[in-house]
Amino acid sequence: MSIARTPFFLLVFITLFSFNTYAQTKKAKDNWYNLDLQMDGVPGISTERAYNELLKGKEARAVKVAVIDGGVDIEHEDLKEKIWLNKGEVEGDSIDNDSNGYIDDLHGWNFIGNSEGENVHYDNLEVVRLVRDLHPKYVSVLPTTPLSEEERRKFLAYQKMTTDYMSKLQIAQITERVIKAFKQQVDSIVSDIGKDNPTIADFKRYEPKSKMARKTLSMIEKGIHEEGNYEKFYDDLVEGVKHYEAEVNYHLNMDYNSRHIVGDNYNDSKERYYGNNDVKGPDALHGTHVAGIIAADRSNQKGIKGVADQAVIMVLRVVPNGDERDKDVANAIFYAVDNGAKIINMSFGKAYVKDKQIVDSAVGYAMKHDVLIIHAAGNEGQDNDSEPNYPNKNYVDSLGINKGVAENWIEVGATGWKYDETLVADFSNYGKRTVDVFAPGVDIYSTVPGSKYKEEQGTSMAAPVVSGLAALIRSYYPDLTASEVKKIIFDSVVKPTYRVKITQDKTKKKVWLSDISVTGGIVNAYNALKLANDFAEKH
């Protein structure tokens, strides 16, 4: 599961318990991630500068970018001309015209639905699925129970999972109660005011009737300051309630299991052909936002401008509201490669893995076919060197022993629009060995379903910025290999000349970007395309 942003409702919760406060003094420019530090004053990736100074008059080819996510609104006004069309299929004839095993896969495939058109919406976290599967085997094990070394290792892992699960469940249950109580307080105050959409002045005139109401009033005022108006604040609060209800009722509910909807043989990791062609699914906000960052139409005078003008989006739905499953991820990668994608964007991740070997086999398949994989580093503010985020570029055997790495893989952390010590987003994961580059991921304005637009934030947004850059390079310099494109992206990063703030082991500290990433820099389209031109001239 990939949480795209840090919603205000979570900041509300944090503030209520006096852990932190939050205020934003100004807003980012809508297109800031495409802008240039020297010319525009924000640390974007200089996309607009690259188009204006380096790409005018140059020919380019379409490049297929597979967006493996929760679904994409393919009818969005800013995306509908940028969606891949499988010309080997005939729409609506219920025949597998191209004989690839998928019927009517016009724009991609949905691996979490069934042939009757039903789709998975919610699912558990992986830790819940693992504990549920292992519980019957280990529930009766005692410290004195004789176990082999391998079984003892598995039992200890099970105990750790169980502890983690119980902690997550307790936090979710408490937070659900708190956020619902807060919403009730807000509703009560607004009812007293007597307006559906009160202003900040209305709240300032309101006389609170209790200490809790006074505290709630203060948080409402902070929320309106952050979001711009009450309506946006309240929408975010409602989303907060929904989020924690989903945590308790689905993500962390041991009795809930949605896999029967798919109808596959889940224990057969090598099964390939299941699902349906509904690439939008029940909630396509996240995937639509990601797709827009990569490829939103730059020439239609609508909405936003994607990074890559020649990118074509292949939609692969595997991410529910909950954790994705390894089998589905692997199948989406296989599908993307077999259908000609040259770049795969994966803006999702999880703390536990069930079948890493099947994902590794798919990743290896992509590597052999000159495909570049871009993956979001995660939003826990943690060091991925010590706390793994899955999937990742490390190949391992059944015992977890490292068997090498996927060379054409880029792991992406997130940066913000203030070029100062707060440059690295406070939610972004990092890692000197495991996170390769950083890219804009805060307050990213992009497409959402219904031909609408919205700001989201997370490494989920930073990864498609890099995918867009990779597509830009491969479209204008199609002879470059995936490994060459990766090298170009790495060698062209912008390296800040000051330390940035992170939290490590619960302690705030300042570090160089090179201390928390492989390249020590933020990707840059202008620099990358100049370097790509040099590479091409040497070919």
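Fair warning: this is a prediction, and the values are worked out from it, not measured in the lab.
- Side-chain atoms of N524 never come within 3.5 Å of backbone atoms of V494 as a donor-acceptor pair (strictly under, hydrogens ignored).
- Side-chain contact check for D355 and S269: at least one donor-acceptor pair (N or O, by modelled atom type) lies under 3.5 Å.
- In this structure, NZ on K495 lies 9.5 Å from CG on L513, to the nearest 0.5 angstrom.
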Verdict with supporting geometry, L85 and L106, side-chain contact (heavy atoms from CB on, under 4.5 Å)
CA-CA 6 Å; L85 175 64; L106 288 170; 4.2 Å; yes

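- Of all non-hydrogen atoms in A532 and Y477, the two that sit nearest each other are CB-CD1, 3.7 Å.
- Within the 3.5 Å criterion, the main-chain N or O of R433 finds a donor-acceptor partner in the side chain of D385.
- The closest side-chain heavy-atom distance from V307 to I45 is below 4.5 Å.
- For R298 and D309, the salt-bridge test fails: no basic side-chain N is under 4.0 Å from an acidic carboxylate O.
- Looking at N110 and D278, their side chains never bring a donor and an acceptor atom within 3.5 Å of each other.
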Is there a salt bridge (Lys or Arg N to Asp or Glu O under 4.0 Å) between K486 and D436? Walk through the geometry before answering.
CA-CA 10 Å; K486 176 185 172 182; D436 297 307; 5.5 Å; no

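- Partner of Y476 under the side chain to side chain contact (heavy atoms under 4.5 Å, CB included) criterion, chosen from N533, L55, V63: L55.
- Between R499 and D515 there is no salt bridge, since no side-chain N of the basic residue sits under 4.0 Å from a carboxylate O of the acidic one.
- Put simply, the side chain of D338 reaches to within 4.5 Å of the side chain of R272, judged on heavy atoms.
- In terms of modelled atom types and a separation under 3.5 Å, the side chain of S467 and the main chain of P464 share no donor-acceptor contact.
- Remark: aromatic rings of Y102 and W109 are close, center separation under 6.0 Å.
- In this structure, R317 and V279 have side chains that are not in contact, with every pair of non-hydrogen atoms separated by 4.5 Å or more.
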Check against side-chain contact (heavy atoms from CB on, under 4.5 Å), F438 and V493:
CA-CA 9 Å; F438 283 87; V493 297; over 6 Å; no

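- Under a 4.0 Å N-O distance rule, the pair E411/K393 does not qualify as a salt bridge.
- At distances below 3.5 Å, at least one donor-acceptor pair connects side-chain atoms of D73 with backbone N or O atoms of G450.
- Between the E48 side chain and the L35 main chain, no donor and acceptor come within less than 3.5 Å of each other.
- Listed for the D370 side chain is a donor-acceptor partner under 3.5 Å among the backbone atoms of A482.
- Heavy-atom contacts from other residues, nucleotides or ligands closer than 6.0 Å to CG of D534 number more than 12.
- In this structure, K327 satisfies the cation-pi test against Y274, with its NZ or CZ atom closer than 6.0 Å to the six-membered ring centre and inside 45 degrees of the ring normal.
- A side-chain N or O of N34 and one of T47 form a donor-acceptor pair less than 3.5 Å apart.
- E81 places none of its side-chain heavy atoms less than 4.5 Å from the side chain of N300.
- Using a 4.5 Å heavy-atom threshold, the side chains of Y395 and V405 count as separate.
- In this structure a side-chain-to-backbone donor-acceptor pair under 3.5 Å is present from S446 to H289.
- Screening L316, N86, I74, N277 for a side chain to side chain contact (heavy atoms under 4.5 Å, CB included) with H107, the sole residue that qualifies is I74.
- A salt bridge does not link D323 with K350: every distance from a Lys NZ or Arg NE/NH1/NH2 to an Asp or Glu carboxylate oxygen is 4.0 Å or more.
- Under the side chain to side chain contact (heavy atoms under 4.5 Å, CB included) test applied with T288, the options K454, K452, H76 reduce to a single match, H76.
- The number of heavy atoms from other shown groups lying within 6.0 Å of NZ (K356) is above 12.
- In terms of modelled atom types and a separation under 3.5 Å, the side chain of N379 and the main chain of T459 share a donor-acceptor contact.
- Electrostatic pairing of K487 and E484 does not count as a salt bridge here, judged by no charged N lying under 4.0 Å from a carboxylate O.
- Side-chain atoms of W84 and I313, non-hydrogen and from C-beta on, never get closer than 4.5 Å to each other.
- Side-chain N/O atoms of Y453 and D30 include no donor and acceptor closer than 3.5 Å.
- Under the 3.5 Å distance criterion, with hydrogens and angles disregarded, a donor-acceptor pair is assigned to the side chains of W417 and D443.
- With hydrogens and angles ignored, the 3.5 Å screen pairs no side-chain donor or acceptor of D326 with any backbone N or O of V353.
- R474 contributes atom CZ, which lies 8.0 Å from atom CG of L480 (distance to the nearest 0.5 angstrom).
- Remark: side-chain polar atoms of T415 are paired, donor with acceptor, to backbone N or O of A439 under 3.5 angstrom.
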